[in-house]
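Notes for the one structure printed next.
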Protein chains: 2
Amino acid sequence: MLELRHLRTLIALQETGSVSLAAERVFLTQSALSHQLKQLEAYYQQPLFERKTQPLRFTLAGERLLALARDLLDKVASAERDLARIRQGEAGELRVAVECHTCFDWLMPAMDSFRQHWPAVELDIVSGFHADPVGLLLTRRADLAIVSEAEPQAGIVHQPLFAYEMVGIVARDHPLAEKKVWQAQDFANETLIHYPVPDEMLDLWRKVLLPARVSPLRRTSELTVAIIQLVASRRGVAALPFWAVKPYLERGYVVARRIGEQGLSSELYAALRSEDAGLAYMQDFLSTVRERSFATLPGLTVLEG
Amino acid sequence: MLELRHLRTLIALQETGSVSLAAERVFLTQSALSHQLKQLEAYYQQPLFERKTQPLRFTLAGERLLALARDLLDKVASAERDLARIRQGEAGELRVAVECHTCFDWLMPAMDSFRQHWPAVELDIVSGFHADPVGLLLTRRADLAIVSEAEPQAGIVHQPLFAYEMVGIVARDHPLAEKKVWQAQDFANETLIHYPVPDEMLDLWRKVLLPARVSPLRRTSELTVAIIQLVASRRGVAALPFWAVKPYLERGYVVARRIGEQGLSSELYAALRSEDAGLAYMQDFLSTVRERSFATLPGLTVLEG
DNA sequence: TGTTTTGAATGAATTTAATTCATGATTATC
DNA sequence: GATAATCATGAATTAAATTCATTCAAAACA
């Protein structure tokens, strides 16, 4: 018999395009999902996907179920928001402190969506770049901070959002384009183009260059497009989230390369005061961010608490 | 985490008004449902019903989930119909043979609903009362017959619809109104008013009067209201489905009494040719009949295959 | 006002179902 | 054509749902 669990799987399948990735997305093994899909197809006595292809393709029947899934899960989310409001009221304050430039890309759509669902919650962005976003929480000048490390701290809890890969980008005809994988040394004789933020907020700096004691020339820019433009004009190299550069890759302006054998992974957490962790609108904000981000940004991976 | 199973339970709860009856409706024990509801309330951290009352009352949060349930389960049904059509086409023929008068009461709404969902299926009623409705199936003059006993027969399968109680009705000031429970003997000196059908199609006759060799005076009428009217005017007594007389009981025209210590139970099955049992529209017709009937007729009970 | 009946709750035992593990098969990739 | 990567499968395991046996609470009855 059909359950919501099955529909959640279908959504993950569509968003990831493969059984293994979908499994990871819903915190199950590939095997579990394979069994689950087999069971579904047996129940409806017809195939729901063609697995021979990458990404997998839904059959007509599969598409129909997928449409059902989207419809139903939206409605469930909406009902659960109502229950949360019934339980503990609908008003509150949610000031978000952001320390990364690219965060705005996914934050804005999520905030839009949230604003519609919780009109009585005062949603705001604490602007400017702060060395210590968690300090803003403790001094009550913000209620939620987006951070890239979950450093334990009294009175603060960290809720995982998602992880993604930072890739090195360079002009197509630049010598580094020949290397599949870059190491710290490869940056030594380049100009690194990055956002104007403190060094410790740059993942590349913290995790790659600093440990290897490599310090390339630097140049900064506020805007992602500007950085891409500089890279394309051979003014330097940069490290950016894969999902942020993908559109430019497809147009061929620049090429992307892995940094380090395992790739350079970037993680994002929401930090909030422990006392606020139970607030319904707070939890819903986090769900919204995750849901919207996974649905729209390519290549995200889940991040365990 | 919420699953459709929970929503199916909520619907059953509303339709029956009690945990025990709802449990029977969804083929589980009372205990199972009690655990399930406890889990649900723990998940949403708030009560969903007040149990102190009979029938139980939903809280605001409960009502919200119930609305979700109705919405979602409708959509699931609709999607599953689409899948069935994708699998095996949407056209066909469905001629229904009916042997009981009251059947029309629940059959018509179900047929209306079905017609909208399967416009390409030719739906028809084989009119007139036939001594052998199953014969109509074998000679292909009907595709589905509503019968009250599942007599095994080659090439025919019986699918349970539902069961209900037949009650004796009598005028308020008639002596029999004093007796809580009627026995066969109580009919001996009464005039029995019934539909004009062969005796073996009258449950009261088959199961009560014939075994006890009691044969009261008889009088027939085609219409339920007319029978009620005759009973109210002290022209006799009748035995009718509880759900059919309930509205008249509430207006006080007549009173209803149990027949036999255990009550006189009536069962309904759909008989169809074995080869047709797998047809999607056939199965959907049966689901529709059950679903609509349970939702609208009071006092129905489930009937196991 | 007991007494009996009925419906719901609870904890432990059980059954059922979902999930993982280990591995083989299949399909992409270079 | 070799080598990953992805998916499928059966058995083992784990987790979850359900039942069983009982208690508790409330309502109906005498």
Side-chain angles (χ1 to χ4, degrees), chain A residues 1-10 12-43 46-59 62 165 178-181 257-258 261-263 299 301-302 304, chain B residues 1-10 12-43 47-59 62 165 178-181 258 261-263 299 301-302 304:
Chain A
M1 181 153 263
L2 186 71
E3 289 293 349
L4 290 177
R5 165 168 40 93
H6 298 122
L7 300 181
R8 297 191 181 103
T9 297
L10 292 187
L13 255 182
Q14 185 194 39
E15 285 180 2
T16 61
S18 98
V19 177
S20 329
L21 292 178
E24 179 173 297
R25 186 71 62 89
V26 297
F27 298 100
L28 288 175
T29 60
Q30 170 267 320
S31 177
L33 244 63
S34 186
H35 283 292
Q36 204 180 89
L37 296 174
K38 188 182 174 183
Q39 183 197 262
L40 254 192
E41 295 188 320
Y43 180 67
Q46 56 190 321
L48 300 175
F49 338 83
E50 295 164 26
R51 277 87 164 222
K52 310 296 164 190
T53 116
Q54 188 69 284
L56 63 74
R57 268 238 299 283
F58 287 73
T59 63
E165 186 178 350
E178 302 305 315
K179 287 198 74 174
K180 285 281 167 215
V181 178
R257 295 292 177 256
R258 171 168 296 177
E261 289 305 335
Q262 313 304 319
T301 55
V302 292
E304 313 243 0
Chain B
M1 182 153 263
L2 186 71
E3 289 293 349
L4 290 177
R5 165 168 41 95
H6 298 122
L7 300 181
R8 298 191 180 102
T9 297
L10 291 186
L13 254 181
Q14 185 194 38
E15 286 180 2
T16 61
S18 98
V19 177
S20 325
L21 292 178
E24 180 174 296
R25 187 69 63 90
V26 297
F27 298 100
L28 288 175
T29 60
Q30 170 267 319
S31 178
L33 244 63
S34 186
H35 283 292
Q36 204 180 90
L37 296 174
K38 188 181 175 185
Q39 183 198 257
L40 207 51
E41 294 188 320
Y43 180 68
L48 301 174
F49 337 85
E50 297 164 24
R51 276 85 164 220
K52 306 297 163 193
T53 114
Q54 187 69 283
L56 61 72
R57 269 239 297 284
F58 286 72
T59 63
E165 187 179 350
E178 303 304 314
K179 288 198 74 174
K180 285 278 170 220
V181 178
R258 171 167 298 177
E261 290 304 335
Q262 312 305 319
T301 54
V302 291
E304 312 240 3

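Lettering of chains follows the sequences in order, A, B, ..., and the numbering in each one begins at 1. Any value given below was found using the heavy atoms of this structure, including those in side chains, with hydrogens, waters and symmetry copies removed.
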Quickly work out the B/Tyr43 OH to D/dA17 C1' distance and round it to whole Å. 17 Å
Audit row: A/Leu28, A/Thr9, side-chain contact (heavy atoms from CB on, under 4.5 Å) steps and yes/no: CA-CA 10 Å; A/Leu28 288 175; A/Thr9 297; 5.5 Å; no
Ion pair check, B/Arg8 and B/Glu3, cut-off under 4.0 Å: no
Without decimals, in angstroms, what is the distance between A/Gln36 CD and D/dC7 P? 15 Å
In whole angstrom, what separates B/Glu24's CD from C/dT6's P? 15 Å
With a cut-off of less than 4.0 Å, is there a side-chain N or O of A/Lys38 near OP1 or OP2 of D/dA8? no
For A/Arg5 and B/Ser34, take the nucleotide of DNA chain C holding the closest heavy atom to each; which residue's nucleotide lies nearer the 5' end? B/Ser34
Can you tell me how far apart OG1 (B/Thr301) and CZ (B/Arg25) are? Round to the nearest 0.5 Å. 8.5 Å
Quick one: does any side-chain atom of B/Ser34 pair with a main-chain N or O of B/Gln30 as donor and acceptor, under 3.5 Å? no
Whole angstrom is fine here: how far is it from CD in B/Glu50 over to P in D/dA26? 14 Å
Find the distance between CG (A/Leu40) and NE2 (A/His6) and round it off to the nearest 0.5 Å. 4.5 Å
Using nucleotides 27-30 of chain C, report all nitrogen or oxygen pairs with the protein that are shorter than 3.5 Å.
residue	atom	partner	partner atom	Å
C/dT27	OP1	A/Lys52	NZ	3.3
C/dT27	O3'	A/Lys52	O	3.4
C/dA28	OP1	A/Lys52	O	2.1

Donor-acceptor check, side chain of A/His35 to backbone of A/Ala32, threshold 3.5 angstrom: yes or no? no
Under-4.0 Å side-chain N/O to phosphate OP1/OP2 contact, B/Ser20 with C/dT6: no
Let me know the distance between CG of A/Leu33 and P of D/dT9, rounded to the nearest Å. 14 Å
Heavy atoms from C-beta onward define the side chain here; which of C/dA8, D/dT9, C/dA18 lies closest to that of B/Val19? C/dA8
Here the distance between atom C1' of C/dT15 and atom CG of B/Leu28, to the nearest Å, is 13 Å
All N/O pairs under 3.5 Å across the protein-nucleotides 21-24 of chain C interface:
residue	atom	partner	partner atom	Å
C/dC21	N4	A/Ser31	OG	2.4

Let me know which of A/Leu48, A/Val19, A/Thr16 forms a side-chain contact (heavy atoms from CB on, under 4.5 Å) with A/Leu56. A/Val19
Separation of D/dA17 atom C1' from B/Met1 atom CE, nearest Å, is 17 Å
Starting at CZ of B/Phe27 and ending at C1' of D/dT19, how long is that distance when rounded to a whole Å? 17 Å
How far apart are the C-alpha atoms of B/Leu2 and B/Leu7, what are their side-chain angles, what is the distance that settles it, and do they pass the side-chain contact (heavy atoms from CB on, under 4.5 Å) test? CA-CA 8 Å; B/Leu2 186 71; B/Leu7 300 181; 4.2 Å; yes
Begin with the C-alpha distance, continue with both residues' side-chain angles, and end with the deciding distance and a verdict on side-chain contact (heavy atoms from CB on, under 4.5 Å) for A/Met1 and B/Arg5. CA-CA 9 Å; A/Met1 181 153 263; B/Arg5 165 168 41 95; over 6 Å; no
